Amino acid sequence: MSKESPTPTPPEQATDRLFATERKPEDFRFDASVARVFPDMIRRSVPGYTTIIPMIEVITEQYAQPGSNCYDLGCSLGASTLAMRHGIGDKDCQLFGVDNSAAMIERCEHYIALDDSSLPVTLRCEDILDTELSDASVTTLNFTLQFVPPEQRAELLARIASATRPGGVLILSEKIRFESEQEQEVQTRLHHEFKRANGYSDLEISQKRSAIEQVLIPETLAAHRERLLSAGFDQVLLWYQCFNFVSMLAIKAD
Ligand code: GEK
């Protein structure tokens, strides 16, 4: 961020009420109304999100290599970007945040300017399927791959793997589905209970579910593992799970 830009006003921490009243069904989009309530929405909707973010800092600290590039793909308002920024510390990496929602990128700039690290962050308002990737040590897809059409996921992961240095990693967090219908039913119910405990009504939960199910396509853990290995990563480990939300670490051998 440029040092000359005026001090931004802090983005408001608005409460997510987007699905609180009856609305006509339409697909979910990352527009200005979503960007405005996003921190509240993701914290109350994704079990484990508030644990995963600080762990992205810990993982980045372990794997960021001096002089390399680090990417946060689908950065939204930059929560994971900032975690990476602090994990990189003074390792002299180039950090990129990429998101194709202009509303997200605009607000992300404010959050980055408010943060106390001096490591420059380059924000790109681009499709992660087209964005240039090279010489990477740490790449993060924190709940983003799930929004990429399934048939385009393998190519994206192969591109990330081939842009990753030996010893580098991909942090991949996703909502998953389970092979067993019984487990799918129990874990989904527990996720909905988590949302209820966070103040969402039954109407909000069901309307959000209908809006998102065409755009957020979850896959099984086995499908993720297999595809990450075929993409060119050498080891895939699960480091976090809460209900149907997981985070994996895909490692490229030294
Ligand atoms: C966080 N990582 O706070 N190209 C670029 N951006 C995309 C694409 C695409 N093809 N598809 C979706 N997005 C963040 C949270 S949110 C997760 C990530 C959620 C972007 C989309 O605009 C949105 O900002 C983000 O991916 C997904 O750690 O909302 O559940």
Side-chain angles (χ1 to χ4, degrees), residues 25-31 34 38 41-42 45-49 52 56 71-76 80 97-101 104 124-133 136 138-164 169-188 191-192 195 205-252:
E26 58 183 47
D27 287 351
F28 185 83
R29 286 187 302 119
F30 289 100
D31 58 14
V34 170
F38 190 73
M41 171 187 280
I42 196 151
S45 306
V46 175
Y49 179 78
I52 289 171
I56 289 175
Y71 297 94
D72 185 15
L73 304 179
C75 61
S76 300
S80 35
V98 185
D99 204 292
N100 62 356
S101 159
M104 289 290 192
R124 298 180 184 161
C125 189
E126 282 180 5
D127 194 316
I128 59 171
L129 296 169
D130 303 326
T131 204
E132 196 266 329
L133 304 169
V138 181
T139 299
T140 298
L141 279 164
N142 200 37
F143 302 109
T144 304
L145 189 68
Q146 59 195 17
F147 293 107
V148 170
E151 66 280 6
Q152 294 179 310
R153 294 178 187 178
E155 194 184 326
L156 172 62
L157 293 175
R159 225 157 53 74
I160 295 171
S162 87
T164 300
V169 295
L170 167 67
I171 303 167
L172 175 62
S173 309
E174 287 278 286
K175 182 178 188 179
I176 57 163
R177 68 177 177 81
F178 297 89
E179 265 149 47
S180 141
E181 267 180 42
Q182 260 174 331
E183 180 166 8
Q184 177 66 23
E185 196 271 312
V186 174
Q187 300 273 24
T188 305
H191 174 222
H192 290 167
K195 292 187 78 169
I205 294 169
S206 82
Q207 292 200 126
K208 173 77 177 281
R209 189 181 190 181
S210 321
I212 212 148
E213 72 190 359
Q214 301 302 320
V215 288
L216 191 171
I217 318 281
E219 293 173 286
T220 63
L221 202 49
H224 280 294
R225 273 186 205 282
E226 206 175 294
R227 192 174 45 210
L228 286 163
L229 294 171
S230 323
F233 290 98
D234 298 291
Q235 196 188 349
V236 177
L237 50 96
L238 182 70
W239 67 268
Y240 186 83
Q241 176 167 6
C242 183
F243 308 141
N244 42 352
F245 291 80
V246 303
S247 192
M248 293 158 264
L249 187 65
I251 306 173
K252 212 160 151 179

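None of the values given here were measured: they were computed from a predicted structure.
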- Message: Please enumerate all residues that pass side-chain contact (heavy atoms from CB on, under 4.5 Å) together with Glu179, with sequence neighbours excluded.
- Response: Thr220, Ala222

- Note on the structure: In this structure, CG of Leu172 is separated from CZ of Phe233 (nearest 0.5 Å) by 9.0 Å

- Item | With Glu126 via side-chain contact (heavy atoms from CB on, under 4.5 Å) - residues at least two apart | Val98, Arg124, Thr131

- Does some side-chain heavy atom of Glu183 sit less than 4.5 Å from a side-chain heavy atom of Arg177? no

- Task: Report yes if the side chains of Leu145 and Arg227 come closer than 4.5 Å at any heavy-atom pair, otherwise no.
- Result: yes

- Query: If you look at every heavy atom in Lys195 and Ser45, which pair is closest and at what distance?
  - Reply: CE-OG, 3.9 Å

- For residues 148-162, the side chain to side chain donor-acceptor pair (under 3.5 Å) pairs (sequence neighbours left out) are Arg153-Glu219

- Task: Any chance you could measure Leu221, atom CG, to Ile176, atom CD1, to the nearest 0.5 Å?
- Result: 5.0 Å

- Measuring from Leu156:CG to Leu141:CG, what's the distance to the nearest 0.5 Å? 6.0 Å

- Message: Exactly one of Val236, Leu157, Thr140, Leu73 should register a side-chain contact (heavy atoms from CB on, under 4.5 Å) with Leu170. Which one does?
- Response: Leu157

- Rounded to the nearest 0.5 Å, what separation is found between the OG atom of Ser76 and the CG atom of Asn142? 8.5 Å

- Query: Within the side chain of Gln146, is there an N or O that forms a donor-acceptor pair under 3.5 Å with the backbone of Leu216?
  - Reply: no

- Task: Could you please spell out the steps behind the side-chain contact (heavy atoms from CB on, under 4.5 Å) verdict for Ile128 and Thr144?
- Result: CA-CA 9 Å; Ile128 59 171; Thr144 304; 3.8 Å; yes

- Message: Please report the interatomic distance OG(Ser80) to CZ(Phe143), rounded to the nearest 0.5 Å.
- Response: 10.0 Å

- Query: Considering all heavy atoms of both residues, which atom of Tyr240 and which atom of Pro47 are nearest to each other, and what is their separation?
  - Reply: CE2-O, 4.4 Å

- Can you list the residues that meet the side-chain contact (heavy atoms from CB on, under 4.5 Å) rule with Ser101, with sequence neighbours excluded? Phe30, Asp99, Ala103, Met104

- Message: Test of understanding: with ring-ring contact (aromatic ring centres under 6.0 Å, His included), list the residues that count as partners of Tyr49, not counting sequence neighbours.
- Response: none

Under 3.5 Å, side-chain donor or acceptor atoms of residues 243-252 against the rest of the protein: list the pairs with distances, not counting sequence neighbours.
unit_1 : atom_1 : unit_2 : atom_2 : d
Ser247 : OG     : Ser173 : OG     : 2.8
Ser247 : OG     : Trp239 : NE1    : 3.0
Lys252 : NZ     : Ala161 : O      : 2.6
Lys252 : NZ     : Thr164 : O      : 2.9

- Residue pair Gln241, Gln187: steps toward the side-chain contact (heavy atoms from CB on, under 4.5 Å) verdict: CA-CA 11 Å; Gln241 176 167 6; Gln187 300 273 24; 4.1 Å; yes

- CD on Glu185 to OG on Ser180, rounded to 0.5 Å: 9.5 Å

- Message: Within the structure provided, determine whether Thr188 and Arg209 are in side-chain contact (heavy-atom separation under 4.5 Å).
- Response: yes

- Smallest separation among heavy atoms of Leu237 and Gln235, with atom names: CD2-NE2, 3.6 Å

